[in-house]
Amino acid sequence: MSLKTIFKKKKKYAQIPTEKAKQEIPEGLVEKCKHCGKIYYEKEWRQQLKVCPNCGTHHIMSAYERIDATVDDDSFEEWFETLISTDPLEFPDYQEKLVSDREKTGLKDAVVAGRATINGYSAAIVVMDTRFRMASMGAVAGEKIARTLETARTELLPVIIFTASGGARMQEGMLSLMQMAKTSMAVKRFSNSGGCLINVFTHPTTGGVTASFASIGDYHFAEPKALIGFAGRRIIEQTIRETLPEDFQTAEFQLEHGQVDRVVHRHELKNLLTTVLDLHSAEVTES
Amino acid sequence: MRQVLSFEKPIHELKDKIAELKKMAAGSELELDAEISRMESRLKKLELDIYHSLTTWDRVQIARHPDRPTALDYIGELFTSFVELHGDRLYRDDPAIVSGIAKYKGVPVTIIAQQRGKNTKDNLFRNFASPHPEGYRKALRQMKLAEKFNRPIISLIDTKGAHPGKGAEERGQGEAIARNLLEMTDLTVPIIAIVIGEGGSGGALGIGLADSVQMLENATYSVISPEGAASILWKDAALAEKAATSLKITAKDLKALKIIDEIIPEVKGGAHRDLSMQAAYLDAYLESTFNRLRKIDKQTLIDNRWNKYNNLGGFTE
Ligand SMILES: [Zn+2]
């Protein structure tokens, strides 16, 4: 099954057109910008990679939409796709939530990993999908990220991680917290072997993911307006008893405060990744 | 004034009755010795029953007891020649983390510790042991020095979590914790982490990636506070007790999950009852681990550390 058919099945942003719009739009689904409300044909929406041409809002992509937008056609080979959580704490209602998210998303957990080429350059790719338990990091996510880094280390592949996460997978308790250690340790081993880690922060990247592998890449790119931070806005406001500015913890804020290298428009991302991969693959010749 | 924990109420009530009887006996000709001794043996049994079947929530209360010994209390009991060292060399000194060099059994070590306050004023100064990025960066600086001078690292964990604040975010709280995890991966010296009170999520782990992780019997270590979990999961902070149990945050739970390596027993009723005896219990565990880890060569130490964390499960294929 091609990636396009996989994500075509899901029409998350499908909206019922208004009466007026219905008259104008003869057939097919339309998508509506969550920020400015402008309505687009499904085809244009996809061509725009879910970025609103009117207001520039970057809408959340599913893992396979992201892969499809990033890698060369039919080049993605998925890794470790059978991993699932064992609900090690037997946490109340957790199994039911996993089952329901699996049905909703077609994913087994919040992380999709594999190998692909990007304009011909090979790389390992990890994408976190917020539709599944807010892409919280449990044992499956941690294991997939650590294994990807280990595989890439032995196969000398650069790694690109599209980060997104609501934080820890609470229902896995301390095993969830330990994924911060596990993934960071894998980054260190990968890095010690000369591996190149490119992290692309997407909306929203918070909590334990920000406090582990996401913040220790070699290159940090971020999508415009993506929320990036450790603690949540609400808990900070409660703690310091003041209202935080609108742009607090945005990609632009993190650029200003030195945590990301560049804020990159989604339409420019593939070219940028290609350039960086090329800079890392060039033969070193003495002149 | 002594703080009575809710599960200890029956013990205190009985103790008060015994005291009253004794007072009565002293001031009269009444023959109460038999009655007093009967009640005293009942007290013994009651204490045994209560302290041997503490629930998770009972332990949360002990871990949060205002008189619970702090890191500096243990440092005073266990180490000699302690020299506190301040500052991250980047921005400021963070009093939520105490760090320095000292001797343990005559051997130079590096100490990194989260420090609660002893009273309100002290707690404000220590920010209730919730570190800012500077605290983690100070800790990292000490770890690098420890590696340079081949000193084992002893880390004492006692925090509700890393500080959620404006400046903390502006200065990269996430990055500071992540960087410590990255660097602790292959530090060439033994790292021993001991949770002495509350181990609050990433804020605890930021100084807690270790070759041996130990917990005091009534300490807790959790990915989120029970109150936080209850309000997110069930929209009701009052269900914290249920959340605490479900999250499996006690030393016993975490030993079973292989997240910690040792459980250090506490004195009856909790560490706050007798600091020097508690320090002696801690000392026994620390010493044997310390001696064992110091004998391991550097590469094996790092390999074992990797395997330990990499093998933590919770998934199937
Ligand atoms: Zn728009």
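Here is the naming used below: chain letters follow the sequence lines, and residue numbers restart at 1 for every chain.
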Select one option (side chain, backbone, both, neither) describing which atoms of [X] are under 4.5 Å from chain B's heavy atoms.
| X | value |
| --- | --- |
| A:Glu242 | side chain |
| A:Glu81 | neither |
| A:Ile240 | side chain |
| A:Asp109 | neither |
| A:Ala181 | both |
| A:Ala214 | neither |
| A:Gln238 | neither |
| A:Phe80 | neither |
| A:Leu175 | both |
| A:Lys144 | neither |

Candidate pair B:Ile260 and A:Met174, rule side-chain contact (heavy atoms from CB on, under 4.5 Å), full reasoning: CA-CA 10 Å; B:Ile260 66 158; A:Met174 282 294 289; over 6 Å; no
Gap separating the CD atom of B:Glu169 from the CD atom of A:Gln259, nearest 0.5 angstrom: 9.5 Å
Identify which part of [X] has an atom lying under 4.5 Å from any heavy atom of chain A, answering side chain, backbone, both or neither.
| X | value |
| --- | --- |
| B:Ile249 | neither |
| B:Leu312 | both |
| B:Ser222 | backbone |
| B:Leu247 | both |

Leading residue by heavy atom contact count with chain A [cutoff under 4.5 Å; candidates B:Leu254, B:Thr245, B:Leu233]: B:Leu233
Salt bridge present between B:Glu317 and A:Arg147 (N-O < 4.0 angstrom): yes
Considering all heavy atoms, the nearest A:Ile236-B:Lys166 contact: CG2-N, 3.9 Å
Smallest separation among heavy atoms of B:Gly313 and A:Ala139, with atom names: O-CB, 3.4 Å
B:Phe315/A:Ser85 under side-chain contact (heavy atoms from CB on, under 4.5 Å): CA gap, chis, key distance, verdict: CA-CA 4 Å; B:Phe315 59 85; A:Ser85 168; 5.8 Å; no
Donor-acceptor contact present, side-chain B:Glu170 to main-chain A:His257, <3.5 Å: no
Exam field: side chain B:Lys248 to backbone A:Leu89, donor-acceptor pair closer than 3.5 Å: yes
Heavy-atom pair count under 4.5 Å with chain B, highest-scoring of A:Gly208, A:Ser176, A:Ser191, A:Ala186: A:Ala186
Listed partners of B:Arg141 passing side-chain hydrogen bond (donor to acceptor under 3.5 Å, both in side chains), at least two apart: none
Close contacts, residues 174-193 of chain B versus chain A, judged by heavy atoms under 4.5 Å: B:Gly174, B:Glu175, B:Ile177, B:Ala178, B:Arg179, B:Leu181, B:Leu182, B:Glu183, B:Thr185, B:Asp186
